[in-house]
Amino acid sequence: MKFSERLYDKLQPIWRQNHDHPFVRGIGDGTLEREKFRFFMIQDYLYLIDYAKLFALGAMKADTVETMGKFAGLLNSTLNEEMSLHRQYAAKFGITEDEFEQAKPAPTTLAYTHYMLHVGQNGTLADLVAAVLPCMWSYWEIGKELSQIPGASDHEFYGEWIKMYSSSEFGELAEWCIDLLDQLTENKPEAELVKLEEIFLNTTRFEYMFWEMSYRLEMWPTDE
Ligand SMILES: Cc1ncc(CN)c(N)n1
């Protein structure tokens, strides 16, 4: 069994919780309050800045020029394609560039990105890929599932988001990462696989927390 199949089978219960989260359901049926999506977009923009850095670290740790080039492509598509979706939504919400630049990460955003950057900086290439994969893979799964809801991809507000994450271009990037993790884990000892599983589990949990944070508009609990 490929390592990605083992991860997929093992983590289905948490993935289902992501798919069933009211934030995700609300995008799918168009009922999500715009204020929550606005909050999410700003936090996600900050998240993606750090996430893109993980791909730069991936290029550093890659042991072939081909893999290095793929990570460079992922960095480019995150900054210039995925984040352009956020810029388009920002324009719809009237969020200025300044507001994006001045925005501060919420605790969950900070914890999630710092965890990934810690793993990416201190771990192996396989550790890094295990950390970033739930992000790409789960959004692709969610995008595909929501795109099956009649009319969801044509929704005047949330349709663009669903189209981005259900697109074959996004899916190809996720598949490349899945294949890379499978290659990197071939013939690896069980102890190593258990460690990678733990990393993958942690960022899967953070994915759930990110939906929850956005749904609850969670910032720091102190008055400032
Ligand atoms: C929190 C989060 N996770 C995943 C993705 C998809 N790159 C995202 N934009 N934001």
Side-chain angles (χ1 to χ4, degrees), residues 7 11 14-15 17-19 21-24 26-28 32 36-58 70-71 73-90 95 100 103-117 119-120 128-147 158 160-178 180-181 199-219:
L7 291 172
L11 296 183
I14 306 183
W15 281 35
Q17 290 177 52
N18 283 345
H19 287 238
H21 193 280
F23 193 99
V24 175
I27 294 178
L32 180 70
K36 295 183 179 179
F37 194 73
R38 184 186 202 279
F39 178 92
F40 165 74
M41 273 290 141
I42 295 175
Q43 290 300 315
D44 206 43
Y45 191 82
L46 299 176
Y47 168 89
L48 287 174
I49 294 170
D50 278 341
Y51 187 65
K53 291 179 189 170
L54 265 294
F55 295 134
L57 284 169
K70 278 282 187 187
F71 276 115
L74 275 165
L75 172 59
N76 181 51
S77 71
T78 304
L79 290 179
N80 297 315
E81 288 164 30
E82 190 170 356
M83 286 166 77
S84 80
L85 177 78
H86 295 60
R87 293 183 199 106
Q88 282 167 36
Y89 274 109
I95 302 171
F100 257 157
K104 296 277 179 263
T108 300
T109 310
L110 201 62
Y112 187 1
T113 55
H114 282 214
Y115 174 71
M116 281 194 301
L117 285 168
V119 170
L128 183 148
V129 178
V132 298
L133 186 53
C135 166
M136 298 170 79
W137 197 356
S138 77
Y139 267 49
W140 187 40
E141 292 285 323
I142 286 171
K144 281 188 296 181
E145 189 169 299
L146 297 186
S147 72
Y158 295 119
E160 290 307 313
W161 191 92
I162 296 172
K163 276 191 212 131
M164 158 73 75
Y165 293 108
S166 59
S167 68
S168 52
E169 292 81 5
F170 190 79
E172 276 162 25
L173 298 175
E175 271 176 343
W176 177 77
C177 255
I178 294 168
L180 179 62
L181 188 61
I199 295 171
F200 190 91
L201 171 63
N202 284 339
T203 53
T204 298
R205 288 169 169 150
F206 272 125
E207 281 297 318
Y208 181 86
M209 289 169 69
F210 209 90
W211 297 125
E212 187 68 6
M213 164 195 80
S214 304
Y215 195 70
R216 302 196 179 286
L217 307 171
E218 267 166 24
M219 280 307 276

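Just follow the structure's listing: the first ligand is 1, and inside any ligand the first atom is 1. Any value given below was found using the heavy atoms of this structure, including those in side chains, with hydrogens, waters and symmetry copies removed.
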Which is closest to atom 2 (C) of ligand 1 in terms of heavy atoms, Phe210, Phe206, Tyr139? Tyr139

Out of curiosity, Leu117 CG to Tyr51 OH, how far, rounded to the nearest 0.5 Å? 11.5 Å

Is it the case that Tyr165 and Glu141 place a side-chain donor and acceptor less than 3.5 Å from each other? no

Give the residue, atom name and distance (to 0.1 Å) of the protein heavy atom nearest atom 1 (C) of ligand 1. Asp44 OD1, 3.5 Å

Mind checking whether Met136 has a heavy atom under 4.0 Å from ligand 1? no

Which of the numbered atoms in ligand 1 are below 4.0 angstrom from a heavy atom of Leu48? 9 (N)

Could you establish whether Tyr165 and ligand 1 come within less than 4.0 Å of each other, counting only heavy atoms on the residue side? yes

Side chains of Glu160 and Tyr89: donor-acceptor distance under 3.5 Å anywhere? no

Look only at the side chain of His21 and the backbone of Gln17, and say whether a donor-acceptor pair between them is shorter than 3.5 Å. no

In this structure, atom 7 (N) of ligand 1 is nearest to the protein heavy atom Glu82 OE2, 2.9 Å

If you count every heavy atom of other residues, nucleotides or ligands that lies below 6.0 Å from Arg216 atom CZ, does the total exceed 12? no

Assign the ring pair Tyr115 / Phe206 to parallel, tilted or perpendicular, where the plane angle (0 to 90°) is split at 30° and 60°. tilted

Residue, atom name and distance, where the atom is the protein heavy atom closest to atom 4 (C) of ligand 1: Cys135 SG, 2.7 Å

Closest protein heavy atom (residue, atom, distance) for atom 3 (N) of ligand 1: Glu207 OE2, 2.7 Å

